[in-house]
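Worksheet for the structure shown next.
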Amino acid sequence: MEMMAGGYDTRDILRPLVFRLHENVPAIVREVLLERGWTEFDKKEQDDADWNLYWRNSPFRMTDHHSIKPWQRLNHYPEAVRITRKDYLARHLKRMKGAYGSTLYEFSPVAFIMPNDYVKFIAEYSKERHSVGRRPSYWICKPVDLSRGRGIIIFQDIKDLVYDCTVIVQKYISNPLLISGYKLDLRLYVCVTSFCPLTIYTYDEGLVRFATEKFDLDSLDNVYAHLTNTSINKYGASYKKYKEGIGCGCKWTFSKFRSYLRIFGVDDMVLWQKINNIVILTLLAVTPLPVASNCFELFGFDILIDDKFKPWLLEVNYNPALCLDCSIDDTVKRKLLHDVVELLNYKQIDTYRQNQVAGLKTSRRQVPWSTAGQSATEHTPGLLTCQKVAKCTSAYSVQPALQAARGSIRKAATLTKKTVSMHPRKTLTSQLRERMNMPKIPSQAKAEAKNKQMPGAGHSPPKSAQLSHWLPTPDFCNYKLTTPPYFLSDKDQRPIPRVGDFVLIFPFNEAALQASRDGTDIKSIIKEINKLVSKQLPSKQQNRKKRIGYLTSV
Ligand code: ADP
């Protein structure tokens, strides 16, 4: 056993980070965390709060949010389902279209929620049928709370529309971009580290998912030609076969797709800017969500590109699939998860977990809670609405976590009794805690407690310096929280512009940042996006037009 000068086992001091998994979490999450030197939470041996990351496939209970500790992160926000259920998303986007104009919000295909919108749908359907010279649209009907392509039908004639649950009937994009005749869509990973102030990262790498049979509007019931879900296509007869222009299987990486586009003179930067705008505008539609400390949400945005290179939002996935169907999945998803953990910005101090309780229990992120529209009357830690944050927390002093934590270690001796009575259970952790609470703190331990990131958790230097100039001064969001939110850098208290392959896309300038302070000022943000959009007009439109024909025919 390695001992330190003060009689400490170094393993007590340099403790690993601990993850906690709920049932059915994909194996790769455990693998990645073990690869990073984390250990798995053991209910029998450890205290309830003795973990750093809790990952579930389903929403957390409100009590989990209320009892969150500074060293912990949860992989879901409360009410993230507002954006991930197809009918909720359609409703939010329709509202935004009404409020801010259809030009900006015309990235989602027109949708009707059935049976509620049945009359409206019939009116639209009949109008199209009766307008001379207009080809009737194709429609896609999707159960609102199913995923993986289950229960989907595509139709042109209303007599083929059948449903026995709540569904959305959406305009079918019948002119998708095809590569060698195959339809494709993009699975874009988006990580929201905060809904207030809105802080959004998109992942540079991702998956292009192909249908495995050639697109054909004369065979609407051929799921292998019209749906790009891997869960469907992996059972298709052509999945394993070599498909000209595509290869075997049904996936490409974004990198391969973007190089492919460039070969044909398509400005992939413009396309990606449009996609980023879709992500921001979609997330704005569900803002404000009740704000919760120390959460993050990894969304999977499904984007379809049409033959005019217009990206369309099909849906937003809660728990995007993390199963490994092929080597491309392994490459993309493993790195993605490593980068998610990087984004969570753990510090050495987070490994102390329960040992922090003694010194920090009165000075941590204690924020009052209310759900959207309710007034925050009670001071319950964990959640609050965006508008309330600044007001409700302004009374708290800014006290960096690490300073407090260091203080807690120093003060530990005097607090031993109190801590023990708070945690009467004699677990491995409580024994360690008692030992940690011994009066002598070796100097090396103090040094470790400094604001230091976990080994291997260092942020990669920003690839692009472009983003850093706009960020504001350190009074970011007037957040007078006791500890700066984990997604702000220690250096300047600003969101980190790039972490691994995650790129900060919101806030994208000073004005957008200002508008997301003190409650989200959506109007001002939309104004900024409008300015951005007008600057982003495609530079190679003429070229593009010439080349599209070729691209879609190869
Ligand atoms: P699910 O949650 O069941 O995967 P999606 O909305 O993602 O439902 O749809 C599944 C697939 O169907 C998509 O990946 C895409 O290939 C196709 N699809 C869905 N909506 C449309 C649409 N409006 N136009 C064209 N294709 C669509």
Side-chain angles (χ1 to χ4, degrees), residues 57 80-81 83-91 93-94 105-114 121 124-125 136-156 161 163 165-179 181-190 206-217 219-236 239 246 250-252 257 275 278 282 299-323 325:
N57 281 353
V81 69
I83 190 180
T84 55
R85 234 181 81 147
K86 295 177 178 73
D87 51 342
Y88 295 174
L89 177 65
R91 209 168 281 146
L93 293 177
K94 196 172 172 190
Y105 272 93
E106 40 91 71
F107 56 78
S108 83
V110 171
F112 298 90
I113 301 162
M114 308 291 247
F121 172 63
E124 174 70 20
Y125 178 84
S137 298
Y138 292 87
W139 299 90
I140 183 165
C141 169
K142 311 188 263 191
V144 294
D145 52 5
L146 285 187
S147 58
R148 293 181 269 137
R150 289 171 294 175
I152 290 182
I153 49 170
I154 301 164
F155 64 95
Q156 197 175 25
L161 170 63
Y163 55 89
C165 57
T166 309
V167 294
I168 67 162
V169 172
Q170 198 176 54
K171 268 224 168 124
Y172 186 64
I173 309 299
S174 55
N175 60 330
L177 172 69
L178 303 177
I179 294 186
Y182 296 94
K183 176 175 170 177
L184 57 110
D185 75 0
L186 310 182
R187 165 57 54 87
L188 172 76
Y189 298 102
V190 173
L207 297 168
V208 178
R209 309 175 312 166
F210 287 95
T212 46
E213 289 184 20
K214 294 207 175 187
F215 187 74
D216 180 3
L217 285 170
S219 62
L220 293 180
D221 52 2
N222 182 357
V223 288
Y224 304 114
H226 290 277
L227 307 189
T228 51
N229 304 76
T230 309
S231 47
I232 288 178
N233 282 286
K234 69 182 175 187
Y235 297 112
Y239 176 68
I246 305 295
C250 66
K251 279 180 187 159
W252 280 9
F257 178 60
I275 292 172
I278 290 179
T282 304
F299 291 111
F301 276 61
D302 288 348
I303 307 281
L304 186 108
I305 302 164
D306 70 18
D307 60 5
K308 294 182 181 64
F309 285 88
K310 175 181 161 56
W312 293 88
L313 176 71
L314 298 184
E315 70 154 345
V316 181
N317 291 275
Y318 191 74
N319 292 322
L322 291 173
C323 51
D325 287 316

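Order of appearance sets the numbers: ligands from 1, and atoms from 1 within every ligand.
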Aromatic plane relationship, Trp252 with Phe257 - under 30° parallel, 30 to 60° tilted, over 60° perpendicular: tilted

Report yes or no: does Lys86 contribute a side-chain atom to a donor-acceptor pair with the main-chain N or O of Leu146 at less than 3.5 Å? yes

Does either side chain, that of Asn222 or that of Asp216, offer a donor lying less than 3.5 Å from an acceptor on the other one? no

Residue part near ligand 1, for Leu146, under 4.0 Å between non-hydrogen atoms: backbone

Looking only at distances, can you tell me whether any N or O atom of Gln170, backbone or side chain, sits closer than 3.5 Å to an N or O atom of ligand 1? yes

Closest candidate by heavy atom, reference atom 4 (O) of ligand 1, pool Ile154, Asn229, Ile173: Asn229

Which of the ligand 1 atoms, numbered from 1, are nearer than 4.0 Å to a heavy atom of Asp302: 7 (O)

Ligand 1 contact on Arg209 by region, counting heavy-atom pairs under 4.0 Å: side chain

Determine whether the side chain, the backbone, both or neither of Asp185 has a heavy atom under 4.0 Å from any heavy atom of ligand 1. side chain

For atom 7 (O) of ligand 1, the protein heavy atom that lies nearest, with its residue and separation: Glu315 OE2, 2.9 Å

Only one of Leu314, Asp302, Ile275 passes side chain to side chain contact (heavy atoms under 4.5 Å, CB included) with Leu186, and that residue is Ile275

Numbered in order shown, the ligand 1 atoms found under 4.0 Å of a heavy atom of Leu314 are 13 (C), 15 (C), 18 (N), 19 (C), 20 (N), 21 (C), 22 (C), 23 (N), 27 (C)

I'd like to know if the side chain of Lys183 reaches the main chain of His226, judged simply by a donor and an acceptor atom lying under 3.5 Å from each other, with no hydrogens or angles considered. yes

Roughly how far apart are Leu227 CG and Ile232 CD1, rounded to 0.5 Å? 4.5 Å

Closest protein heavy atom to atom 9 (O) of ligand 1, given as residue, atom name and distance to 0.1 Å: Ile152 CD1, 3.7 Å

Please write down residue, atom name and distance for the protein heavy atom closest to atom 18 (N) of ligand 1. Ile140 CD1, 3.6 Å

Of the protein's non-hydrogen atoms, which lies at the shortest distance from atom 12 (O) of ligand 1, and what is that distance? Leu227 CD2, 3.2 Å

Nearest neighbour of atom 3 (O) of ligand 1 from the list Pro176, Gly300, Ser174, Gly149, on a heavy-atom basis: Gly149

Centre-to-centre under 6.0 Å for Trp139 and Tyr125, is that the case here? no

Side chain Asp306, main chain Phe309, donor-acceptor under 3.5 Å: yes

Would you verify whether the NZ or CZ of Arg91 falls within 45 degrees of the ring axis of Tyr88 while also being under 6.0 Å from that six-membered ring's centre? no

Backbone, side chain, both or neither: what part of Lys142 comes under 4.0 angstrom of ligand 1, heavy atoms only? side chain

Of the backbone atoms (N, CA, C, O) and the side-chain heavy atoms from C-beta on, which set of Thr228 has a member under 4.0 Å from an atom of ligand 1: side chain, backbone, both, or neither? both

Could you check whether the rings of Phe301 and Phe299 sit parallel, tilted or perpendicular, using 30° and 60° as the cut-offs? perpendicular

Would you kindly specify which portion of Lys183 sits under 4.0 Å from ligand 1, judged on non-hydrogen atoms: side chain, backbone, both or neither? side chain

